[in-house]
Trainee: 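Got a structure for you, questions after.
Residue numbering restarts at 1 for every chain, and letters A, B, ... go by the order of the sequence lines.
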Amino acid sequence: MSSSEISLSEQISAHIRGAILAAVDAGQLPKEISKEVPESISLERPKNRDHGDYATSIALQLAKPAGKNPRDVATILQSNLAVIPEIARVDIAGPGFLNITLNRASQAELVTTILKAQAKYGQSTGLAGVRINLEFISANPTGPLHLGHTRWAAVGDSLGRVLSAAGADVVREFYVNDRGNQMDLFGASLEAAALGKPIPEDGYQGQYIGDIAASLVAQDSKLTSMPEPQRVNEFRERGYAWQLGDQKRVLDNFGTHFDVWFSERSLHEGGSVDVAMVKLRKQGHVFEEDGATWLRTTDFGDDKDRVLTKANGDLTYFASDTAYYINKRGRGFDICIYMLGADHHGYVGRLKATAACAGDDPEYNIHVLIGQLVKIIEGGEEVKLSKRAGTIITLEELVEKVGVDAARYTLIRYPVDTPMILDVDVLKRNTNENPVYYVQYAHARIAGVLRNAQELKIPVGLDNFDPSQLTHDRENELLGALAEFPKIVAAAAEFREPHRVARYLEELAGVYHRFYSDCRVLPLGEEPVSALHSARANLCAATNQVIKNGLDLLGVSAPEKM
RNA sequence: GUGCCUGUAGCUCAGUCGGAUAGAGCACCCGCCUUCUAAGCGGGUUGUCGCAGGUUCGAUUCCUGCCAGGCACGCCA
């Protein structure tokens, strides 16, 4: 049915708009306000249950243009809304709020919608036809993934799922910085570790360097006796392969998968840099100065112009970034999303300016998310993370301590622009205090109820669902919460904020637990099976479907038992 | 110096077209399992929403200034 496409709240919203226009036609409100009426009337779910199922402040907004007292406007709308079948009652409160109470049975039809849609409930078409390149993590292949990467591994993966649910065609991409000085330093560090020599001045110091070196030598003992410069090259290339494979293994275990691993080398070898340079020159923002080649990014708000080719002829890292962006657009992506750490926020301006220099719309074609850094507290002290000192906490270590579900959930439930503090001791000691267990427990609890319902032969399913049975306040609250889900997912996609899904699930789980306390689902003792039992069991099934759909968007499991 | 992010309960944090009595978890106190999972529920306690102005019917939310903390400003990668 079409109501799976148009939610009840959207229908009500449209009804209110119709009621306003009808009041204008009837001469109850002045004609001038027609153009003040928003396309969609915003409804909110009041915190206080006495304020009905939905509330709107539209009368307050229209009062001024209408030249009337807000309460008078509200009164006019009230009588026009009272005739709508889905609405049981409309009350006027405070300065002119309209509090709308829905007909319970029509609200309960939502259960039918959810059970029919199943995994599709919550999906939308808001981003249909939009091709999105979602780049995240993009760690150097010179070391293990650490805590900062872990935040992106969780949030980026979840955002990919959310965008897909909103209808977008998403490609997840990991940019491999396999070119430049740091690769040579990496190779030299491995070689030094293998030969027992001191690590070079600017080399990599961590414990893992020795581990990789030992592993490489174990694979091929001839490595240490190779002549230079072949030896250091081999250490670099084999170390690169080893480290990249390790990153893939760790991410795979974390449930984060990429569609494309894009090598920076391939960008140069495949001619993408030349293509980009030609395109930029054609756009007219390239110039020569002091022997270098520049891109005039200041034409589009950047602080300073950027060098593409140095005076010595080498390409800058900026040239790679620019070519990479143009390459992405050339592959047909409408929107390129970058997820960067706070230490890269200085890049936002130049990335947007680069897009503009390439003739794109920086407001649409490119979207940069800046994630604040994650701090770690252990033993009451902040752990200073330093690659040099080797005091990094890796993704793998975090997962070993708290598990994939808890790690993912904890990292996703905060907006990325919030600097977050993780207390490792709390996570280690008290994993069941994590909100993820609260949500998962609700799912397991419902699954248990449904198993029991099956054993008791309670008729469940759409053929045995009578929506008029669901009249309890707790049932009403639960239905209201379930109705919110599609809006939450759509907003999470629009604002690129998957944490909204996590917060919603906590709310939904809470509403369910309260329902469970007050409303007995299954028959007690010898009590005969009634239509109410079936209706509630179906409500439980619908709730579990939504919890599962939500957890899927986070990449967190929905256990049948706990 | 310039720019970005942050400042909400004892702690960690939610709160985006400006709305009604500012919320959650943890922590603390008191209740609730001989019947669907107590990893749960109910009740109690906790706030100058950094500070000061402005916009208006109404500001934690929008604007300006200030204070505090974090991060970044290379022909490095």
Trainee: So if I take every side-chain heavy atom of R474(A) and compare against rG40(B), rG42(B), rC4(B), which nucleotide ends up nearest?
Mentor: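 So the nucleotide nearest the side chain must be rG42(B).
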
Trainee: So, F97(A) and rA20(B): ring centres less than 5.5 Å apart, planes less than 30° off, yes or no?
Mentor: yes

Trainee: Does E497(A) reach a base, just sugar-phosphate, or nothing at all? Heavy atoms under 4.0 Å.
Mentor: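 Touches a base.
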
Trainee: Would you mind reporting whether V111(A) and F465(A) have side-chain heavy atoms less than 4.5 Å apart?
Mentor: yes

Trainee: By nearest nucleotide on RNA chain B, pick out whichever of L315(A) and L450(A) is the more 5' one.
Mentor: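 In this pair, the answer is L450(A).
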
Trainee: Just call it for R500(A): base, sugar-phosphate, or nothing, with non-hydrogen atoms closer than 4.0 Å on any strand.
Mentor: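 Here R500(A) touches the bases of the nucleic acid.
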
Trainee: State the dot-bracket string of RNA chain B. Criteria: Watson-Crick or G-U wobble, both atom distances under 3.5 angstrom; notation: ( ) intrastrand, [ ] crossing earlier pairs, | interstrand, . unpaired.
Mentor: (((((((..((((.....[...)))).(((((.......))))).....(((((..]....))))))))))))....

Trainee: Under 5.5 Å between ring centres and under 30° between planes: does that hold for Y317(A) against the base of rC76(B)?
Mentor: no

Trainee: Report which part of the nucleic acid K561(A) touches: base, sugar-phosphate, or nothing (heavy-atom distance under 4.0 Å, all strands).
Mentor: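 The residue K561(A) makes base contact.
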
Trainee: What nucleic acid atoms does L308(A) come within less than 4.0 Å of, heavy atoms only: base, sugar-phosphate, or nothing?
Mentor: nothing

Trainee: Output the residues of residues 522-545 of chain A in contact with RNA chain B, where contact means a heavy atom of the residue under 4.0 Å from an atom of the strand; sort by number or write none.
Mentor: L522(A), L524(A), G525(A)

Trainee: Centroid-to-centroid, Y438(A) to Y441(A), below 6.0 Å?
Mentor: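 No - the distance between ring centres of Y438(A) and Y441(A) does not fall below the 6.0 Å cut-off.
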
Trainee: Please indicate yes or no: is the ring centre of H51(A) less than 5.5 Å from the centre of the six-membered base ring of rA20(B), with the two planes inclined by under 30 degrees?
Mentor: yes

Trainee: Quick check, are the ring centers of W261(A) and F174(A) under 6.0 angstrom apart?
Mentor: yes

Trainee: Could you tell me whether T418(A) contacts a base, only the sugar-phosphate backbone, or nothing, with contacts defined as non-hydrogen atoms closer than 4.0 Å?
Mentor: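 It contacts sugar-phosphate atoms only.
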
Trainee: Taking atom types as modelled and ignoring hydrogens, do the side chains of T101(A) and D53(A) form a donor-acceptor contact shorter than 3.5 angstrom?
Mentor: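 No donor-acceptor contact under 3.5 Å links the two side chains.
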
Trainee: Find which nucleotide of RNA chain B each of H499(A) and T56(A) is nearest to by heavy atoms, and output the residue with the more 5' nucleotide.
Mentor: H499(A)

Trainee: Mind checking A447(A) for me? I need base, sugar-phosphate or nothing, with any heavy atom below 4.0 Å counting as a touch.
Mentor: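 Since no nucleic acid heavy atom lies under 4.0 Å of A447(A), the category is nothing.
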
